[in-house]
Every structure is written in C-alpha cells, then in structure tokens.
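One structure is given below, encoded as structure tokens.
Quick note: numbers below take in every heavy atom, side chains included, and nothing from hydrogens, waters or symmetry partners. These numbers come from a predicted model, not from an experiment.
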Amino acid sequence: MKLTDILVRDACQVDVRGKTKPEVLRELSEALVREVPGLDSAELYTMLVEREKLGSTAMGDGIAIPHARIESLDRVLAVFGLSRGGVDFDSLDGQPTHLFFLLVAPGREGSAHLLLLARLSRLLGIDAFRARLREVGTTAELFRAIEEEESRH
C-alpha cells in the first residue's frame with residue numbers, strides 16, 4: 001500500500017495554523033472528519049490526545065506521526081499537515097515540528113497500520129524528501145513529491 005493510497009487529498013493542510021500540540025491535533029482531525037463521513041471528531045481527537053499521553057509521536061527532524069485506532073473505521077486513512085513556523089510537539093530532539101502525518105487505522109487492523117508507519121518512517125528519513133515536503137505550497141505539489149519519492153523506493 002502506498003502513502004498516496006491512504007492520504008485523504010482534500011483533508012491535507014499545507015498551511016497548518018495551530019501553534020500548540022492540541023491545536024494541531026484538532027485542526028488535522030477536524031480536516032479529516034470533514035472529508036470522511038461517519039468519522040466522529042470528538043472520538044478521533046480524544047484518541048489522538050490519549051496516544052500522545054503515552055509518549056510524543058514527534059520523532060525529531062521536524063516530523064510527527066500522530067496516530068490512533070478507531071473501531072468503526074473500515075480502512076487506514078492519513079492526512080498531512082505542514083506548519084511553516086513549526087510547533088513544539090515534545091519532539092525527541094527538542095526542535096519544532098513542521099511535518100505531520102496523522103494516521104488513523106481500524107481498531108481490528110493490525111499489521112497494515114504498523115507497516116505503513118514503518119514505510120512512512122523510512123521515507124521521512126530521507127533528508128531531501130523532508131526538505132521538499134517543507135516547501136510544498138499546494139496539495140498537488142504534496143502528492144507529486146510523495147508519488148515521486150515512493151516510485152524510487
């Protein structure tokens with residue numbers, strides 16, 4: 001499964017306005033809920049916040065991959081967010097987080113969610129790819145950057 005297969009295009013945000021972890025989680029979860037009928041905003045936000053209490057999903061290098069499981073969901077979904085100014089997301093390296101990939105998986109989904117997390121982590125480990133993502137100005141540019149990177153790996 002490719003990242004572009006699970007990204008909800010119209011929910012992706014290339015100019016995240018949130019300045020705090022809760023604001024970013026709310027902004028991205030609400031963007032996803034607007035595009036996915038049946039997904040509950042309060043439930044998703046609560047699940048994301050609960051996951052963050054276990055430990056930050058900010059990996060360093062300006063990246064965070066907040067994720068949650070929603071029992072009623074029938075497939076894995078993702079939304080991208082870009083914060084140009086960066087957000088304090090309790091990153092391992094103490095630096096601001098700019099790139100957000102919010103993943104939501106069905107409660108019963110096991111390995112697909114983990115495989116996607118691993119694939120995304122590998123892609124985001126590429127310095128040039130992260131730099132390119134930080135420069136996207138439109139959703140079309142975002143998808144083009146991801147498609148080109150995925151075709152190489």
- request: Give the C-alpha distance, both sets of side-chain angles, the deciding distance and a yes or no for salt bridge (Lys or Arg N to Asp or Glu O under 4.0 Å) between K21 and D90.
  value: CA-CA 8 Å; K21 183 188 281 196; D90 301 318; 3.1 Å; yes
Are [X] and [Y] grouped together when hydrophobic residues (ILVMFWY) are joined by side-chain heavy atoms under 4.5 angstrom apart?
X: V16; Y: L77; answer: yes
X: V79; Y: L120; answer: no
X: L7; Y: L32; answer: no
X: L28; Y: L99; answer: no
X: F100; Y: L102; answer: yes

How far apart are the closest heavy atoms of [X] and [Y], and which atoms are they?
X: D93; Y: G60; answer: OD2-CA, 3.4 Å
X: R119; Y: K2; answer: NE-CA, 4.3 Å
X: A58; Y: S91; answer: CB-CA, 3.5 Å
X: V33; Y: L39; answer: CG1-O, 3.3 Å
X: M59; Y: S121; answer: CE-OG, 4.0 Å
X: R84; Y: V136; answer: NH2-O, 2.6 Å

- prompt: Got a second to check how far I63's CD1 is from Q95's CD, nearest 0.5 Å?
  reply: 12.5 Å
query: If you measure from CD1 on I146 to SG on C12, what distance do you get to the nearest 0.5 Å?
result: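 One finds 7.0 Å between CD1 of I146 and SG of C12.
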task: In sequence, state the C-alpha distance, the side-chain angles, and the governing distance for R144 and E147, and then conclude on salt bridge (Lys or Arg N to Asp or Glu O under 4.0 Å).
output: CA-CA 5 Å; R144 190 167 36 257; E147 287 164 355; over 6 Å; no
Determine whether [X] and [Y] make a side-chain contact, defined as any pair of heavy atoms from C-beta on separated by less than 4.5 Å.
X: E150; Y: L3; value: yes
X: L103; Y: L117; value: yes
X: P106; Y: V76; value: yes
X: E141; Y: T138; value: yes
X: L133; Y: L82; value: no
X: Q13; Y: F80; value: no
X: L25; Y: P66; value: yes
X: F89; Y: P96; value: no

- prompt: Is a side-chain N or O of E52 found less than 3.5 angstrom from the main chain of T57, in a donor-acceptor match?
  reply: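 A pair under 3.5 Å: yes.
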- request: Decide, yes or no, whether a salt bridge links R130 with D127 under the criterion of side-chain N to carboxylate O below 4.0 Å.
  value: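 Salt bridge flag = yes for D127 with R130.
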query: If you measure from the Lys or Arg side-chain nitrogens to the Asp or Glu carboxylate oxygens, is any gap between E135 and R132 under 4.0 Å?
result: no
- request: Establish, from distance only, whether the side-chain atoms of H67 and R51 form a donor-acceptor pair under 3.5 Å.
  value: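 A pair is found: one side chain offers a donor N or O, the other an acceptor, under 3.5 Å apart.
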Pairs involving residues 23-40, ordered by first then second residue, that meet side chain to side chain donor-acceptor pair (under 3.5 Å) (sequence neighbours left out):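 Those involving residues 23-40 do not exist here.
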field: Chi angles and distances behind the side-chain contact (heavy atoms from CB on, under 4.5 Å) call for E50, M47
entry: CA-CA 5 Å; E50 289 301 314; M47 296 301 284; 5.6 Å; no
